[in-house]
S.K.: 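Attaching a single structure in C-alpha cells format; questions to follow.
Quick caveat: nothing in here was measured; it's all calculated off a predicted structure. By convention in this document, chain letters (A, B, ...) are assigned in the order of the sequence lines, proteins followed by strands, and residues within each chain are numbered from 1.
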Amino acid sequence: MKALTWCAPYKVSVEEVPQPKILNQRDAIIRVTSTCICGSDLHLVDGFIPFMKPGDILGHEPMGIVEELGPGVDQSKIRVGDRVVVPFMISCGECFFCRRQLYSCCDNTNPKSSIGEAMHGQATAGVFGYSHLTGGYAGGQAEFLRVPFADFNLQKMPQEFTDEQLVFLTDIYPTGYMAAWQCDIKPDDTVAIWGCGPVGQFTIRSAALLGAGQIIAIDDEQKVPERMQMARDGGAITIDMHDEYVYDRLMDLTGGIGPDACIDAVGMEAHGYTAIESLYDKVKTNLFMETERPHAFRQAAMCCRKGGTLSVPGVYGGFADKIPLGAIMNKGLTIKTGQTHVHRFVPELLEHVKQGRIDPSFVVTHRLPLSEAPRAYDMFRAKEDGCIKVVLDPAA
Amino acid sequence: MAKSTRNRPASTRESNARQTNRPPQIVQTVEQSVQQLNGRSSGLQNVGNPERAISIAAGAILAALGLRRRDATGVFIAGVGSALAFRGITGHCSLYQALGANTCPCDADRDDGVEVSASFLINKPAEVLYSFWRHFENLPKFMSHLESVSELDRGRSHWVANAPAIYGGKVEWDAEITADEPNKLIRWRSLPGADIEHRGSIQFTKALGDRGTNVRVEMEYRPPAGKLGQWIAKLFHEEPKQQIHDDLRRFKRLMEAGDILTIVGQPRGTCTGHGVRES
Ligand SMILES: NC(=O)c1ccc[n+]([C@@H]2O[C@H](COP(=O)([O-])OP(=O)(O)OC[C@H]3O[C@@H](n4cnc5c(N)ncnc54)[C@H](O)[C@@H]3O)[C@@H](O)[C@H]2O)c1
Ligand SMILES: [Zn+2]
Ligand SMILES: [Zn+2]
C-alpha cells in the first residue's frame, strides 16, 4: 500500500510499504477514506520533536471503513463494514486515566513508555504516526491503518454526512472544543485565541458554542488573510499581530483588565512579535538548545486577566525558555492543557453536527490524492494558495 | 563481576546503553561525539540510563548554546552543558555523589548479585492479580527473560530463561514457594543446584479508594562463577531496574487491558521507496 513516510527534517515521501496486519487480538484494520495533515505533523516533520526515525509513517487524523477485526474484538461494538473515525490517541479504556476520561494519558498503550518517562517523568498514551515518544505507531496517512483496542477506540459514524463533515472528530474539532471547554466560559467572558490555524478555527467556533461574550483571534493578516477572514466569519474580532500591538488591543477590548481566558492554539513553532525575540528562539531551537518557540504562550500569559485561565492546546515537546512564571504566579492564573481526550467529546460534538449547529467542513481548503502529500505538506507549511486544511484521499 | 562492570570503559557501557535504551538518533550522534571528546572514564556509575540519555541530549543542547554565544553567560552555559553531557556519557555525576543521591541500581549488586524492586498501581482487585501471578506458568507472558515456568508438586516449580545458543540456549532452575498468603504475598526461591540463585517476592496492598491494588515486586539474582555466570550477570545486570519495571508494567497492561500492545510487524518505510515490517 501507499503511505507517507518521514525521511529527514522538512522531507517526507510517499512509499510502497507492506499492508498492516492484526498484531494484537483486539486490533482492527481500517481502509482509510480520508486523512488529514495537521499542525502537529509540521512539528514532527520539521524536526521539533526529536524522536522520529527515518521511515516512520505519519498521520493521526484518519477515518475509513473497517476491513478486518482481530479475534478479541467485541463485535457488539464494532463490525466489519462500519464507517469509523479514528481518534488520534490510542486508549485502553480500563486504566486509572481512562476511567477518569483522561484518554490521552492512558497508561497501557505506549509500547515505548520509557522514553516518555525519561523525557516527561511519565509517559502518555500511544498516538498514531506521532514519533517514538508516543509509541512509534504507524500513522494514518496511508491506504490502510491498524487500530489497537478497536472496540474502544473506533467511533462509529452515521452515513448521512460526508467525510469532510466527520473526519475532524479525529482531532482538531475536539481539540478546539476542549481548549475552550476547559476555560469554563461564562456569558460575559472574553476569550482570546492565538493562532487562526485549523485548531484556532475550531476553538473560535467552540467558544461561540459555549456562549462566550466576546471572542478575539490573533494571527498575521499579511501572511494568512484567509485565516483571519475565516475567524471573522466565525464571529471573532481579529487582531493582526503584524501591524498591531496585541497587548494594547486586548486591553482596549476588555476595559483594561485583559481577557478572561487566553488560548494558545499556536504551539512550539510560533513566530515572534519582535525581531530580537524571534531570532533568539529561532537560533536556539535550530541548534537544539531549546525545543520550543513559545512566543504565543509568553504573550498569552502577559495579556491574561488576573485570576484568568491560560488554555494550551498548542503542542510543546520539551523545554522552553523565558516563560513568564512571575506573571503566572502573581496574577494567579490557572493553566489548562493536554493532548485532547478525544473519545470523551465525540458523542457531544457529533450531536452538534447532527443538530446543524456546526458544519466542520468549513475549514477544508484542499482535497488532494495521498500521492501528492509531500507537495501538500509544503503548501500547508508555507500557507500558500490560501491553504488552511488539507484532506488527503488515499484512493485517488 | 560487579566490579568489572563498574570499571568497564565508558565506550563499552555506552554501547550497552544504546542497545537497551535506544535513545533517539540525534542523541546518539551527539553522544558519540561527546564520547570521543571525553575519551575513557573510570568513575562509578551513579546516573541511571534513561536519565543519561536525557542528560546527554540536554547537555549537548546547552553546550551548543554556550559555544555559540560570546559573552559571559555563554561561557557559563557552555560549562553547565558539557558537565551535563559528561555526566550522561560517563554515568557519573559528582553532584549526585556529593548529595549522596543514587538513581542507578548498579550499587545494589555488592556480592555479584542483583537486587531490584519495582511497584505499580494496578486497577484490579488483589484477588485477580494474586491468582494470576500464583500460577507461575503465567509469568513468561510478561517477563521478557523467561521462556517457561512449569509447576511441579508441593509448591515447587521449574524455571527456564532464554540464553544464547553457545550457552545451550537456556538457563534452568527449580524453585520453591517459601511464603504464600492468598491475595497478600508470595515469596519464592531457587533450590540448591540451580544455574542461578534466584529469589523473589510479590506483595499486594489495597490502594486508596477505588484505585485498585499496589503491587510491589522484589527480585534477587546471584549468578554462579565462570563464563556462564558472566553471561547471566550481563543478562540480569544490564538494566535490572528498568527490566523489572518494564516486566511489571507488562503485567499491569495484561491485567488491566487484557493485552500488551506491540508495534512489531507493523508496516514502516525505509525512504528508498520500498517499506518493510517493523522488527
Ligand atoms: N492538544 C492537542 O491535542 C492538539 C491537537 C492538534 C493540534 N495541536 C496543536 O495545535 C497547534 C495549532 O495547530 P494547527 O493545525 O492549527 O497549526 P497551523 O500551523 O496551521 O496554525 C498555526 C497558526 O498560528 C499562527 N501563528 C504563528 N505564530 C503566532 C503568534 N506568535 N501569534 C499568533 N498566531 C501565530 C500561524 O500563522 C498559523 O496560522 C499546533 O501546535 C498543533 O500541534 C494540538
Ligand atoms: Zn492533529
Ligand atoms: Zn487507559
S.K.: Working to the nearest 0.5 angstrom, can you tell me the gap between A:K21 NZ and B:R277 CZ?
M.R.: 4.5 Å
S.K.: For A:H120, is the NE2 atom crowded, meaning more than 12 foreign heavy atoms sit under 6.0 Å from it?
M.R.: yes
S.K.: In plain terms, say whether B:R268 and A:D56 are close enough for a salt bridge, that is, a side-chain N and a carboxylate O under 4.0 Å apart.
M.R.: yes
S.K.: Heavy atoms only, distances under 4.5 angstrom: which of A:C106, A:P18, A:G136, A:P111 has the most pairs with chain B? Name it, please.
M.R.: A:P18
S.K.: How far does SG of A:C92 sit from CG of B:L261, to the nearest 0.5 angstrom?
M.R.: 9.0 Å
S.K.: Counting only heavy atoms not in B:K184, do more than 12 fall under 6.0 Å of its NZ?
M.R.: no
S.K.: I'd like to verify something: which residue of A:K11, A:R146, A:H132 has the highest number of heavy-atom pairs under 4.5 Å with chain B?
M.R.: A:R146
S.K.: Which answer fits B:R211, side chain, backbone, both or neither, if we ask what part of it has an atom under 4.5 Å from a heavy atom of chain A?
M.R.: side chain
S.K.: Can you measure from NE2 (B:H274) to CD (A:E16) and round to the nearest 0.5 angstrom?
M.R.: 7.5 Å
S.K.: Of all the residues in residues 120-128 of chain B, which have a heavy atom that comes within less than 4.5 Å of a heavy atom in chain A?
M.R.: B:L121, B:N123
S.K.: Heavy-atom count around A:Q122 CD within 6.0 Å, excluding the residue itself: above 12?
M.R.: no
S.K.: If I compare all heavy atoms of A:M1 with all of B:P267, which pair ends up nearest, and what's the gap?
M.R.: CE-CG, 3.9 Å
S.K.: Just how far is it from atom CG of A:N110 to atom CZ of B:R249, taken to the nearest 0.5 Å?
M.R.: 8.0 Å
S.K.: Just do the side-chain contact (heavy atoms from CB on, under 4.5 Å) check on B:R253 and A:D107 with the steps written out, would you?
M.R.: CA-CA 8 Å; B:R253 290 181 174 179; A:D107 239 355; 5.8 Å; no
S.K.: Do the side chains of A:R100 and B:D210 get close enough for a salt bridge, i.e. N-O under 4.0 angstrom?
M.R.: yes
S.K.: Return yes if some donor-acceptor pair links the side-chain N/O of A:E15 with the main-chain N/O of B:G269 below 3.5 Å, else return no.
M.R.: no
S.K.: Could you look at A:A3 and say if it's the side chain, the backbone, both or neither that has a heavy atom under 4.5 Å from chain B?
M.R.: neither
S.K.: Out of curiosity, A:N108 CG to B:L254 CG, how far, rounded to the nearest 0.5 Å?
M.R.: 10.0 Å
S.K.: Mind ranking B:Q266, B:R250, B:M255 by heavy-atom pairs under 4.5 Å with chain A and telling me who comes out on top?
M.R.: B:Q266
S.K.: Tell me the closest heavy-atom pair linking A:C95 and B:E256, and the distance in Å.
M.R.: CB-OE1, 3.4 Å
S.K.: Could you tell me whether the side chain of A:R26 and the main chain of B:A257 form a donor-acceptor pair under 3.5 Å?
M.R.: yes
S.K.: Restricting to non-hydrogen atoms, name the atom on A:G55 and the atom on B:C271 that form the minimum distance, rounded to 0.1 Å.
M.R.: N-SG, 3.5 Å
S.K.: With distance as the sole test, does A:N24 use its side chain to make a donor-acceptor pair with the main-chain N or O of B:I260 at under 3.5 Å?
M.R.: yes
S.K.: Please round to the nearest 0.5 Å and tell me the distance separating atom CG of A:L23 and atom OG1 of B:T262.
M.R.: 6.5 Å
S.K.: Do you know which of A:S13, A:G135, A:S113, A:A142 has the most heavy-atom pairs under 4.5 Å to chain B?
M.R.: A:S113
